[in-house]
Amino acid sequence: MAQSISIVLVLALALLAFAPLCFCGKTSGGYLYPQFYDRSCPKAQDIVNSIVAKAVAKEARMAASLLRLHFHDCFVKGCDASILLDSSGSIITEKTSNPNRNSIRGLEVIDEIKSALEKECPRTVSCADIVALAARDSTVIAGGPSWEVPLGRRDSRGASLSGSNNNIPAPNNTFQTILTKFKLQGLDVVDLVALSGSHTIGNARCTSFRQRLYNQSGNGQPDSTLQQSYAAQLRTRCPRSGGDQNLFFLDFVSPTKFDNSYFNNILASKGLLSSDQVLLTKNEASMELVKKYAENNELFFEQFAKSMVKMGNISPLTGSRGEIRKSCRKINA
């Protein structure tokens with residue numbers, strides 16, 4: 001008897017040793033786990049990946065847009081695809097909020113993925129999970145790290161315009177305000193610095209950083225933490241007035257490659273947004289992390305993957321809460 005128990009124990013331990021690392025997230029309604037669709041829609045992840053790859057091949061900027069979509073979704077009511085809803089009935093869309101107006105992109109790519117998944121396995125894969133998978137695939141395609149995406153989120157039946165206006169960190173927020181907004185989501189300073197590293201790809205509009213060039217503190221002076229020749233270069237295409245929508249690379253060194261040059265730019269006082277540069281100038285812990293990630297790309301990749309899983313676990317709807325939308329832009333009738 002004792003011998004058979006010990007054999008069972010040895011077998012159990014052996015199986016554990018070969019079990020894949022699972023970033024499973026326990027939520028109030030149940031678990032999210034990477035194998036959620038293995039039986040109900042086995043081709044789901046391949047379908048998402050192929051459509052994201054096609055979209056990024058067509059326009060490199062799309063990788064950053066899809067990554068940002070996940071971030072802006074999760075920071076408002078959790079990762080529930082509320083950002084995708086159009087206004088209708090009592091729903092006021094989040095797409096017109098200050099952080100999203102004229103800048104949220106990738107919605108057509110999500111529509112295309114949803115349409116393909118509805119053909120393959122109707123009413124099975126949520127829009128919230130599509131957004132989470134598209135963010136991971138975009139990161140990998142741009143040269144960044146990969147991670148297993150815990151799945152099983154369901155879609156909200158409402159949106160929050162005020163949440164979108166208030167909860168998403170703004171480029172001109174103080175360091176403390178940004179950190180507070182992260183902490184309200186259960187994220188810490190390590191997550192803040194690592195996730196800011198997503199600014200290694202993508203663009204920002206002139207309107208997002210103009211105050212740094214001309215009037216950072218209300219005294220008519222440019223931001224002293226912005227390198228002068230870089231600021232002069234930015235002024236040529238971001239005038240005092242007009243040119244609001246002119247686009248600039250967030251990481252001018254390798255704008256479409258996911259790497260740690262964003263952190264090296266910050267060390268050289270060439271972070272584009274105020275919210276980038278304050279990571280170095282306003283807090284000891286974040287300054288140390290910027291230096292570490294600038295020095296060690298592998299460390300940055302490892303933490304970015306962990307922080308993305310953590311962000312993806314913000315208040316998902318699971319179990320019987322929410323629904324699986326047929327169209328990501330509207331709730332089911």
When you compare the side chains of T174 and T177, does any donor N or O come within less than 3.5 Å of an acceptor on the partner? yes
Criterion side-chain contact (heavy atoms from CB on, under 4.5 Å) on I110 and L66, from CA distance to verdict: CA-CA 9 Å; I110 301 299; L66 290 169; 4.0 Å; yes
Exercise: identify the closest heavy-atom pair between S160 and G163: OG-N, 2.9 Å
Taking NZ, NE, NH1 and NH2 as the nitrogens, is one of them in E94 or K77 under 4.0 Å from a carboxylate oxygen of the other? no
List the steps, then state whether side-chain contact (heavy atoms from CB on, under 4.5 Å) holds for C238 with R205. CA-CA 9 Å; C238 186; R205 297 172 297 155; over 6 Å; no
Are L195 and L184 connected in a single hydrophobic cluster, I mean Ile/Leu/Val/Met/Phe/Trp/Tyr linked by side-chain heavy atoms less than 4.5 Å apart? no
Ring centres of Y33 and F36 under 6.0 Å apart? yes
Are V190 and Y262 grouped together when hydrophobic residues (ILVMFWY) are joined by side-chain heavy atoms under 4.5 angstrom apart? yes
Taking all non-hydrogen atoms of both residues into account, name the closest pair between K54 and E112 and its distance. NZ-OE2, 2.5 Å
Would you say L299 ends up clustered with L280 if hydrophobic residues are merged whenever their side chains have heavy atoms under 4.5 Å apart, either directly or through other cluster members? yes
Might you point out which heavy atoms bring L247 and R237 nearest each other, and give the distance in Å? O-NH2, 2.8 Å
Rounded to the nearest 0.5 angstrom, the OG1-OH distance for T200 and Y293 is 14.5 Å
Would a single hydrophobic cluster contain both V56 and I104, if residues Ile, Leu, Val, Met, Phe, Trp and Tyr are joined by side-chain heavy-atom contacts under 4.5 Å? yes
What's the spacing between D155 CG and C127 SG if we round to 0.5 Å? 4.0 Å
Could you check whether N219 and S217, counting side-chain N and O atoms only, form a donor-acceptor pair closer than 3.5 Å? no
Could you verify whether a donor N or O on one side chain and an acceptor N or O on the other, from S156 and R325, lie under 3.5 Å apart? yes
Quick one: do E295 and K291 satisfy salt bridge (charged side-chain N to carboxylate O under 4.0 Å, His left out)? Show the steps, please. CA-CA 6 Å; E295 204 175 285; K291 288 177 181 173; over 6 Å; no
Modelled atom types, side-chain donor and acceptor of S164 and N100, under 3.5 Å: yes
For F75 and F182, take the angle between the two ring planes, folded into 0 to 90°, and tell me which bin it lands in: parallel under 30, tilted 30 to 60, perpendicular over 60. perpendicular
When you measure from the side chain of T236 to the backbone of Q233, do you find a donor-acceptor pair of N or O atoms at a distance under 3.5 Å? yes
Value rounded to 0.5 Å, distance of CG in N203 from OG in S103: 11.5 Å
Is there a donor-acceptor contact under 3.5 Å from the side chain of N165 to the main chain of N98? yes
Hydrophobic cluster identity match, L192 and L273, side-chain contacts under 4.5 Å: no
Approximate separation, where rounding is to 0.5 Å, of R68 CZ and I83 CD1: 8.0 Å
If you measure only the distance, is there a donor-acceptor pair under 3.5 Å linking the side chains of S88 and D86? no
For S138 and A63, the nearest pair of non-hydrogen atoms, with its separation, is CB-O, 3.4 Å
How long is the straight-line distance from OG of S65 back to CD1 of I201, given to the nearest 0.5 Å? 8.5 Å
Could you check whether any side-chain heavy atom of C74 comes within less than 4.5 Å of a side-chain heavy atom of Q185, counting everything from C-beta outward? no
For L213, is there any backbone N or O sitting under 3.5 Å from a side-chain donor or acceptor partner on R235? yes
Given S254, which of N260, N265, D259 fulfils the side-chain hydrogen bond (donor to acceptor under 3.5 Å, both in side chains) condition? D259
Give the ring-plane orientation class for F248 versus F209, where under 30° counts as parallel, over 60° as perpendicular and anything between as tilted. perpendicular
What verdict does the side-chain contact (heavy atoms from CB on, under 4.5 Å) test give for V76 and H72, after you've listed the backbone C-alpha separation in whole Å, the side-chain angles of each residue and the deciding distance to 0.1 Å? CA-CA 7 Å; V76 183; H72 282 211; over 6 Å; no
How far apart are the C-alpha atoms of E288 and K292, what are their side-chain angles, what is the distance that settles it, and do they pass the salt bridge (charged side-chain N to carboxylate O under 4.0 Å, His left out) test? CA-CA 6 Å; E288 289 306 320; K292 275 184 187 170; over 6 Å; no
Of all heavy-atom pairs between A55 and V109, which one has the smallest distance, and what is that distance? CB-CG2, 3.8 Å
Pairwise distance CD(E323) to CZ(R157) - rounded to 0.5 angstrom: 4.5 Å
Exercise: identify the closest heavy-atom pair between Y230 and F249: OH-O, 4.4 Å
Does R123 offer a backbone N or O that forms a donor-acceptor pair with the side chain of E118 under 3.5 Å? yes
Within 6.0 angstrom of Q245 CD, more than 12 heavy atoms from elsewhere: yes
If we ignore angles and hydrogens, is there a donor and acceptor under 3.5 Å between the side chains of T207 and D244? no
Determine whether more than 12 heavy atoms belonging to other residues, nucleotides or ligands lie under 6.0 Å from atom CD1 of I92. no
N/O donor-acceptor pair under 3.5 Å between S97 side chain and L161 backbone: no
Given salt bridge (charged side-chain N to carboxylate O under 4.0 Å, His left out), test R321 with D80 step by step and report yes or no. CA-CA 11 Å; R321 297 184 306 149; D80 61 358; over 6 Å; no
With no hydrogens and no angle check, is any side-chain donor or acceptor of R154 less than 3.5 Å from a backbone partner on S126? no
What verdict does the side-chain contact (heavy atoms from CB on, under 4.5 Å) test give for L107 and R329, after you've listed the backbone C-alpha separation in whole Å, the side-chain angles of each residue and the deciding distance to 0.1 Å? CA-CA 9 Å; L107 302 168; R329 291 174 181 263; 3.6 Å; yes
Looking only at atom types and distance, does a side-chain atom of R210 sit under 3.5 Å from a main-chain N or O of R240, one as donor and one as acceptor? yes
For K326, I'd like to know if atom NZ has over 12 heavy atoms of other residues, nucleotides or ligands within 6.0 Å. no
